[in-house]
Amino acid sequence: MSSINRRQFGLNTLGALGALSTLAAAPAFAQQGRVLRIGHQKGLLSLLKGRGTLEQRLAPLGVKVTWTEFTAGPVQLEALNVGSIDFGDVGEAPPIFAQAAGAPLAYVAATPPRPASEAVLVPKDSAIKTVADLKGKKVAFNKGSNVHYFLVKLLEKHGLKYADVQPIFLPPADARAAFEKGSVDAWVIWDPFLAAAEHSLGARVLADAKGVVNNRSYYFSSLPYARQNPDVTKVLIEELSKLDAWGTANRDALAAEFAPLWGLPKPAVDIAVQRSVYGTGPITPAILQEQQAIADTFFDLKLIPKKIRLLDAAVGAL
């Protein structure tokens, strides 16, 4: 499940990593056995932590589990880059910037597509009725995020160029404030911010990502850790898959757990949970091709400094 901050993107991913030096001092392996250091946001991994089932599964393997909570994907990937975590969850965009910055990133699992979980919103009384009506309008979104890519592809699909709109780069909280004030004409955003705006503001979905982009989330590790500890990764993915299956069958209970975690009213969380698709599957060549297309688009937009090869972040033969 995507967390509130999962796809928030800060260009500081390419910047200094010194703030994480304390975490980086933690060894990857304890003297008595192995350690799995998980970085998590307010999402499915947080629920897994609360259940304690992962620790039970890994204890016979001599693996100790530690948990560190992060506010956003880029910071989580900075922690990976300096060697302070071994595993985490993230959206589409941050790992592209991390790989461009030289992080030893490995994609180890992916969710199914969730195109209904990101959309272009307009005020309920807006005169904007079609995507073509966005021409010349002020559109708020998080620069370099998954919705940045979604907007580019949505405009292309409807015969517009990226240059046809006025991009207003704002993180979700600031974008919502601008949207409420009417200082932007549209807002491109993901769940649960999307669901919260629909619920509390009556915002209208102009277009979601169905038929445009897939919108997946990813579980990542470092290449060295993933190659040296395939048994640990296998157990982790199995436990996440069990949680996915439970969430699919118990959406009301899942929303009840997410509501306090996200600090949102349950009716808003219900909207996000009901339209999400849960599951954890392997990384395939087709999935890496999806990420490659995003990376190439970000290079063309001059958001990353060099072309990257997604196959370099694959573990083993695909």
Side-chain angles (χ1 to χ4, degrees), residues 1-9 40-47 72-73 89-96 109-122 131 139-142 144-154 157 171-173 175-176 179 186-219 240 243-245 247-252 254-259 261-281 287 290-291 293-294:
M1 175 68 195
S2 298
S3 71
I4 288 184
N5 291 309
R6 173 167 299 217
R7 290 180 174 79
Q8 276 186 276
F9 166 70
H40 66 108
Q41 300 176 52
K42 294 184 184 299
L44 206 67
L45 279 173
S46 304
L47 302 188
D89 55 335
V90 74
E92 295 164 323
I96 289 169
T111 70
R114 296 167 171 170
S117 296
E118 60 181 2
V120 179
L121 289 178
V122 294
V131 173
V139 182
F141 57 93
N142 211 45
S145 68
N146 60 313
V147 294
H148 195 156
Y149 177 68
F150 162 48
L151 177 63
V152 171
K153 293 302 174 183
L154 180 68
K157 182 178 179 179
R176 174 169 171 140
F179 185 80
W187 178 23
V188 196
I189 191 59
W190 59 85
D191 275 330
F193 292 110
L194 170 61
E198 289 178 272
H199 176 259
S200 61
L201 302 179
R204 174 164 53 85
V205 171
L206 181 70
D208 63 23
K210 290 194 292 287
V212 184
V213 297
N214 276 333
N215 185 36
R216 298 180 192 267
S217 293
Y218 293 94
Y219 293 103
L240 283 166
L243 196 51
D244 282 320
T248 299
N250 299 276
R251 291 178 187 263
D252 185 67
L254 180 63
E257 289 197 45
F258 275 137
L261 196 65
W262 292 343
L264 291 174
K266 186 173 176 294
V269 178
D270 284 333
I271 297 171
V273 167
Q274 288 300 325
R275 67 181 161 215
S276 188
V277 182
Y278 299 99
T280 303
I287 286 174
E290 289 177 19
Q291 282 292 90
I294 299 173

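Fair warning: this is a prediction, and the values are worked out from it, not measured in the lab.
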- request: Mind listing the closest non-hydrogen atom pair of Val120 and Ala186 along with its distance?
  value: CG1-CB, 4.0 Å
- prompt: What distance do His199 atom NE2 and Leu264 atom CG have between them, rounded to the nearest 0.5 Å?
  reply: 10.0 Å
field: OG-CD distance between Ser145 and Glu92, expressed to the nearest 0.5 angstrom
entry: 9.5 Å
statement: Distance col, row Asn215:CG vs Trp190:CH2, nearest 0.5 angstrom, shows 10.0 Å
- request: Go through the steps to decide whether Leu201 and Arg176 satisfy the test side chain to side chain contact (heavy atoms under 4.5 Å, CB included), and finish with yes or no.
  value: CA-CA 10 Å; Leu201 302 179; Arg176 174 169 171 140; 3.6 Å; yes
message: Can you give me the closest heavy-atom contact between Ala109 and Thr280, atom names plus distance?
response: CB-CG2, 3.7 Å
- request: Work out which heavy atom in Pro95 is nearest to a heavy atom in Gly91; give both atom names and the distance.
  value: CD-O, 3.1 Å
- prompt: Can you check whether Leu240 reaches Leu45 side chain to side chain, under 4.5 Å on heavy atoms?
  reply: yes
- request: Before giving the answer on side chain to side chain contact (heavy atoms under 4.5 Å, CB included), spell out for Leu121 and Glu198 the whole-Å C-alpha distance, their side-chain angles and the decisive distance to 0.1 Å.
  value: CA-CA 8 Å; Leu121 289 178; Glu198 289 178 272; 4.2 Å; yes
task: Examine distances only and state if a side-chain atom of Ser117 and a backbone atom of Asp191 form a donor-acceptor pair shorter than 3.5 Å.
output: no
message: Is there a side chain to side chain contact (heavy atoms under 4.5 Å, CB included) between Val147 and Ile189? Walk through the geometry before answering.
response: CA-CA 6 Å; Val147 294; Ile189 191 59; 5.6 Å; no
- prompt: Hey, does the side chain of Arg251 reach the backbone of Ser276 with a donor-acceptor pair shorter than 3.5 angstrom?
  reply: yes
- prompt: Parallel, tilted or perpendicular for Trp262 and Phe258, by the 30°/60° rule?
  reply: parallel
message: Is it the case that the side chain of Asp244 and the backbone of Tyr278 share a donor-acceptor pair, with hydrogens and angles ignored and the cut-off at 3.5 Å?
response: no
Where Ala207 and Val131 come nearest, the two heavy atoms and their spacing: CB-CG2, 3.9 Å
field: Val269 and Pro192, any side-chain heavy atoms less than 4.5 Å apart
entry: no
field: Stepwise side chain to side chain contact (heavy atoms under 4.5 Å, CB included) test for Asp252 and Lys266
entry: CA-CA 9 Å; Asp252 185 67; Lys266 186 173 176 294; 2.6 Å; yes
- request: Identify the heavy atoms of Pro115 and Val213 that sit nearest to each other, and give their distance.
  value: CB-O, 3.6 Å
task: Enter the distance from Lys210:NZ to Glu118:CD here, rounded to the nearest 0.5 Å.
output: 11.0 Å
message: Donor-acceptor pair, distance only, cut-off 3.5 Å: does the side chain of Gln41 make one with the backbone of Asp89?
response: yes
query: Going from CG on Leu254 to CD on Gln274, what distance comes out if it is rounded to the nearest 0.5 angstrom?
result: 9.5 Å
query: Which atom names give the shortest non-hydrogen contact between Ala268 and Ala196, and what distance separates them?
result: CB-CA, 4.1 Å
- prompt: Taking atom CG of Leu151 and atom CZ of Phe141, what is their separation to the nearest 0.5 Å?
  reply: 5.5 Å
- prompt: Is a donor on one side and an acceptor on the other found under 3.5 Å between the side chain of Asn214 and the backbone of Arg216?
  reply: no
